[in-house]
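Structure first, then comments.
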Amino acid sequence: VRRKPVLQRGLHSGAQTDRDTITRLLYSIGTKREVERYLRIFSSSSDSSNPAKFAVIKIGGAVLDEIEELATSLSFLYRVGLYPVVLHGAGPQLNGIIESEGIVPDYIDGIRVTDAKTLGIARRVFLEENLRLVNALEKLGTRARPITSGVFQADFLDKDKYGLVGKITKIDKRPLEAAIRAGALPILTSLAESETGQILNVNADIAAGELAKELEPLKIVFLNEKGGLFHGVTGDKLDVINLDEEYDELMRQPWVKYGTKLKLREFKELLDHLPRSSSVAVIRADMLQRELFTDSGAGTLIRRGYKLFK
Ligand code: ARG
C-alpha cells in the first residue's frame with residue numbers, strides 16, 4: 001500500500017510517531033506555517049494515478065562521496081511521504097578508475113567521449129554507485145529500488161565524434177511509477193539503450209532534464225557540492241533567478257561563461273518546456289530541507305517568473 005501524503009495520513013497510522021518526529025524536526029528549520037504550506041503543496045503534487053510529480057533530484061557523482069548526508073536528506077523526504085525520482089551520475093568515480101588504468105578522460109563540449117572500454121568500466125561503476133546509494137537508504141529504513149535500465153531509450157548522439165554516447169529519444173516512466181506505487185524511491189542511473197539493445201552513456205544533467213520534461217515535476221533539484229550558483233565577480237550566492245526578466249541580461253555578463261552559461265541555457269530550455277509552477281533548485285544535500293520547506297530557501301532557485309505557488 002502506498003504511503004499517503006503526510007497531511008492525509010490517519011492519526012492512528014503506524015508511521016505517526018515517525019511522522020511527528022520528522023515534522024517537528026522540519027519546524028526547527030522554518031516556521032510551522034511555511035513548513036506546513038510547502039508540505040501541503042508538495043504532497044498534493046502527486047496522487048496514485050500520477051505518483052512521480054513531486055521532484056526529480058539529480059545527484060552529481062561527487063555528491064555520492066558524502067553518502068550519509070545524502071541518504072539522510074532523501075530519507076527525510078520519504079518519511080514525510082514525498083517520493084522524488086532520483087537520478088545519479090558517477091563521473092569522478094569513473095575518472096578515478098580509468099585514469100588508474102592509464103586512460104586520459106576525453107571530453108568534447110562537456111560530453112564524455114566514450115569508447116567500448118570506457119563504457120564497460122562506466123557500466124560497472126554506475127551499477128556500483130547505484131547499489132551503494134540504495135543500500136545507504138535501505139539502511140535508514142527508506143525503501144529504494146535500483147533502476148539501472150529500461151527507462152531511457154536513445155540513438156547515437158554522434159557516433160564518430162562521441163562514440164557510445166546516447167541522445168535520449170524516449171522515456172518509459174512506468175518502472176519509476178511502479179516503484180513509487182510500491183512505496184520505494186526509484187534510484188536511476190544515466191545509462192540508456194539503443195533500439196538494438198546497445199548500452200549508451202548519457203550525460204546525467206541532460207538525462208535529468210529529459211526526465212523532467214517527461215514527468216513535469218514541481219521541483220527539479222540539482223544537488224552539488226557548492227550549494228548553489230554563484231556570482232562570478234562578487235562570489236555571492238545567487239538567491240533567485242527569474243528567467244523571464246534576467247536571462248538575457250545574465251547571459252551577457254562577462255563572468256557568465258563555460259559551465260555556468262551551459263547550465264543557465266539548460267535550465268532555461270528545460271523550464272520553457274514545463275508548467276510555470278515548476279522550478280529548479282541548486283542546493284547542497286544537507287541543505288535540501290531548508291531549500292524546500294522554507295520561503296527563503298538556502299541555495300539558488302531558478303524559475304520563469306514570480307509567484308510559483310498559490
Ligand atoms: N521552498 C520554496 C521552494 O522550494 C522556496 C525556495 C526559495 N529558495 C531560494 N533559494 N530563494 O520553491
Side-chain angles (χ1 to χ4, degrees), residues 5-7 22-46 52-60 63 70 72-87 208-209 212 215-232 234-247 249-250 256 260 263-264 266-268 270-310:
V6 60
L7 297 174
I22 300 288
T23 312
R24 224 175 299 125
L25 261 172
L26 274 179
Y27 291 159
S28 71
I29 61 159
T31 65
K32 191 169 183 304
R33 200 170 154 272
E34 320 171 77
V35 171
E36 274 181 353
R37 178 162 164 266
Y38 286 113
L39 266 175
R40 196 175 320 111
I41 291 168
F42 296 143
S43 301
S44 56
S45 64
S46 305
K53 288 273 190 191
F54 159 51
V56 166
I57 300 186
K58 189 263 170 173
I59 297 169
V63 177
L70 176 61
T72 305
S73 264
L74 296 175
S75 291
F76 216 95
L77 298 177
Y78 174 85
R79 303 246 175 99
V80 293
L82 295 170
Y83 289 80
V85 173
V86 176
L87 176 91
L215 297 172
E216 302 195 324
L218 214 42
K219 299 294 303 188
I220 304 97
V221 179
F222 291 83
L223 295 183
N224 74 2
E225 285 175 301
K226 285 185 245 146
L229 299 179
F230 292 81
H231 193 288
T234 64
D236 291 338
K237 197 188 70 213
L238 303 170
D239 175 25
V240 181
I241 300 175
N242 294 301
L243 292 173
D244 286 352
E245 298 107 65
E246 294 170 64
Y247 182 74
E249 175 77 41
L250 258 176
V256 176
T260 313
K263 280 201 188 81
L264 286 174
E266 263 169 38
F267 295 159
K268 164 106 172 89
L270 169 59
L271 290 177
D272 279 346
H273 279 85
L274 297 179
R276 287 191 74 84
S277 51
S278 295
S279 61
V280 169
V282 183
I283 185 73
R284 230 170 55 200
D286 61 332
M287 295 294 234
L288 182 60
Q289 278 76 258
R290 203 175 286 271
E291 175 60 29
L292 291 178
F293 297 101
T294 67
D295 291 332
S296 51
T300 303
L301 172 76
I302 302 108
R303 59 186 173 191
R304 273 158 72 183
Y306 293 100
K307 238 350 194 187
L308 281 179
F309 312 118
K310 276 163 271 144

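Order of appearance sets the numbers: ligands from 1, and atoms from 1 within every ligand.
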Subject >> Which residues share a side-chain contact (heavy atoms from CB on, under 4.5 Å) with S73, sequence neighbours left out >> reply: L288, Q289
**OP:** With heavy atoms only and a cut-off of under 4.0 Å, state how A281 meets ligand 1: side chain, backbone, both or neither.
**Re:** neither
**OP:** Decide whether an N or O pair under 3.5 Å exists between G299 and ligand 1.
**Re:** yes
Original post:
Between the side chains of S278 and K219, is a donor N or O closer than 3.5 angstrom to an acceptor N or O?
Top reply: no
Original post:
Under 6.0 Å between ring centres, would you say that holds for F42 and F54?
Top reply: yes
Original post:
Does S279, backbone or side chain, put an N or O under 3.5 Å from an N or O of ligand 1?
Top reply: no
Original post:
Is the count of non-hydrogen atoms from other residues, nucleotides or ligands lying under 6.0 Å from K263 atom NZ greater than 12?
Top reply: no
Original post:
Taking N or O atoms only and a 3.5 Å limit, does D295 qualify as a polar contact for ligand 1?
Top reply: no
Original post:
Are R304 and N242 linked by a side-chain donor-acceptor pair shorter than 3.5 Å?
Top reply: no
Original post:
Measuring from the heavy atoms of E34, does anything fall under 4.0 Å of ligand 1?
Top reply: no
Original post:
When you look for heavy atoms under 4.0 Å from ligand 1, do you find them on the side chain of K219, its backbone, both, or neither?
Top reply: side chain
Original post:
Who pairs with D236 by side-chain contact (heavy atoms from CB on, under 4.5 Å), at least two apart in sequence or on another chain?
Top reply: T234
Original post:
Applying a 4.0 Å heavy-atom criterion (strictly less than), which segment of L301 is in contact with ligand 1: side chain, backbone, both, or neither?
Top reply: both
Original post:
Less than 3.5 Å between some nitrogen or oxygen of V240 and one of ligand 1, yes or no?
Top reply: no
